Number of protein chains: 2
Amino acid sequence: MPRRRGPTDQGLRTRQTILRRAAELASVEGLEGLSIGALADDLGFSKSGLFAHFGSKEELQLATIDAAREVYVQEVIAPALAAGKGLTRLCALCELFLSYVARQVFPGGCFFASAMAEFDCKPGPIKDKIAEIQAAWMETLRRAGASAVDAGELGPHTDPEQLAFELEAALLAANWYFHLFDDRSYMARAADAIRLRLSADATKRGRATLATRSTDTTAVTT
Amino acid sequence: MPRRRGPTDQGLRTRQTILRRAAELASVEGLEGLSIGALADDLGFSKSGLFAHFGSKEELQLATIDAAREVYVQEVIAPALAAGKGLTRLCALCELFLSYVARQVFPGGCFFASAMAEFDCKPGPIKDKIAEIQAAWMETLRRAGASAVDAGELGPHTDPEQLAFELEAALLAANWYFHLFDDRSYMARAADAIRLRLSADATKRGRATLATRSTDTTAVTT
DNA sequence: CCTACCGATCGGTAGG
DNA sequence: CCTACCGATCGGTAGG
């Protein structure tokens, strides 16, 4: 089989190494604060050597967002989809998010929370990409909620979009306050808020589902 | 009356002009992204002329936070304290926050939301100051909630600290998504979430208080 | 992937 | 409040 043109395996591995580290640094310093020189020093490359993988800083930033998305899918979305359907999945999405924040998968907290906060008022391709990813995440929450309604776990008057907004609000607030006050108790506050909110819309069947997960709350903070 | 040493009235006015503009720019570009040269150009000063008012960039950042705090007190806290006590005040705090975001008092959204997101993982005097201000804001919400319990508007099982966390979560989420998606409907989502959450803990007297404010929801988005 | 370099801008200073 | 300047670092390029 002839060797194709384009990036070699080694080149792709180097690229992945760069982008994983870039995502870690950007979660703390921001995607603008991420500097090519500092990233190269950190990785032991020359600045131009690193830069050769990307055409511009903006291309590096966009590629970093893709790499962070892969981490997020692996740490939160995929395990939640595998955990079950409906209300079980919705609970798993929330618990896995809180665990991902508590385990500091990214040292600066949720990469996308940081990126959203940094770019929400800066129009351009980076904001567009972040908005697309956040919209997909909200849609993942909404669909799990809608499926829980269909399964009779949440009552028929449930508004899945509103529910997704409120769950996401608690998750984001946990991310900020956990780091700002260096206080893990905000994880439990968010988990309590989420359990209360889900209980409010739950049917008898839904409450049974929730009961099986109630002990998982403390697991989130370890 | 002899003229004292120190800053003149004119100097103080110039300083205030600088800091108001600095807060506006920092809400979009971040407190680190705020550059002394760009700020000076924007205001028509020389860089060093502007810099003479502050000993370092960090001093400028800290002074900018103080100036933003004054705006926040004027726009949100003072009118809410004047609006009433207990549940009335708690509702006013939330409604005034949403209005302050919707009116874009700062062009980049809530100054403190931006600053918290930027510095929550960067230890130092700026993070400390932001944390102190956020703690005071949460305490303002908590006290209004506790006073609503004392007044019999919220039930005795209400946890005012948890309630403050959940209200703040909805307010912050509205701030982010309003800007990220350029969609005012998130203001109404947050107002709905807040009304629902307060209703859950409200006594009959509390529900009467909430009923008088229910039409204010749309006012927030104008 | 490297060395060597570009102009622009950064925070900050000297001296007035 | 200004002009003039400092060394360091920025994103990016030339050429290999």
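Within every chain, numbering begins at 1; the chains are lettered A, B, ... in the order of the sequence lines, protein sequences first and strands thereafter. These figures come from a predicted structure and were not determined experimentally.
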Which nucleotide in the list C:dA14, D:dG12, D:dG11 gets nearest to the side chain of A:S56? D:dG12

Any strand is fair game: report the nucleotide pairing with C:dG16 by Watson-Crick or G-U wobble, both distances under 3.5 Å, or none. D:dC1

Please determine if A:K47 and A:D41 form a salt bridge, counting it only when a charged side-chain N lies under 4.0 Å from a carboxylate O. no

Integer-rounded Å distance: C:dT9 P and B:L50 CG: 17 Å

When you get a sec, tell me which of D:dC10, D:dG12, D:dC2 is the closest nucleotide to the side chain of A:I36? D:dG12

Assess whether side chain to side chain contact (heavy atoms under 4.5 Å, CB included) is satisfied between B:R142 and B:E168, documenting all intermediate values. CA-CA 10 Å; B:R142 191 199 63 75; B:E168 170 72 349; over 6 Å; no

Between A:R189 and B:E166, does at least one N-O distance fall below 4.0 Å, as a salt bridge requires? no

Nearest whole angstrom, please: distance from the P of D:dT9 to the CG of A:L39. 16 Å

Whole angstrom value for the distance that separates P of D:dT9 from CD of A:E29: 15 Å

Quick one: on DNA chain D, does B:S48 or B:R15 contact a more 5' nucleotide (nearest heavy atom)? B:R15

Considering only heavy side-chain atoms of B:S35, the closest of C:dG11, C:dC1, D:dC10 is C:dG11

Where each residue is assigned the nucleotide of DNA chain C containing its nearest heavy atom, which of A:K47 and A:A52 is assigned the position nearer the 5′ end? A:A52

For atom CG of B:D182, is the number of surrounding heavy atoms from other residues, nucleotides or ligands below 6.0 Å larger than 12? no

Between D:dC10, D:dT3, C:dC10, which nucleotide gets closest to the side-chain atoms of A:A38? D:dC10

May I ask you to say what A:F51 touches in the nucleic acid, namely base, sugar-phosphate or nothing, with a heavy-atom cut-off under 4.0 Å? base

Gap between atoms CZ and C1', on A:F45 and D:dG11 respectively (whole Å): 19 Å

Picking from D:dC10, C:dG11, C:dC1, the nucleotide nearest the side-chain atoms of B:K57 would be C:dG11

Could you check whether B:L60 gets within reach of a base, just the sugar-phosphate, or nothing at all, counting any heavy atom under 4.0 Å? nothing

Of the candidate nucleotides C:dC1, D:dC2, D:dC1, which contains the atom at the shortest distance from the side chain of A:H53? C:dC1

Measure CZ/A:F54 against C1'/D:dC10 and give the value in whole Å, please. 18 Å

Using atom CD of B:E32 as one end and atom C1' of C:dG11 as the other, report the distance to the nearest whole Å. 11 Å

Would you call A:E139 and A:R143 a salt bridge, taking side-chain N to carboxylate O under 4.0 Å as the test? yes

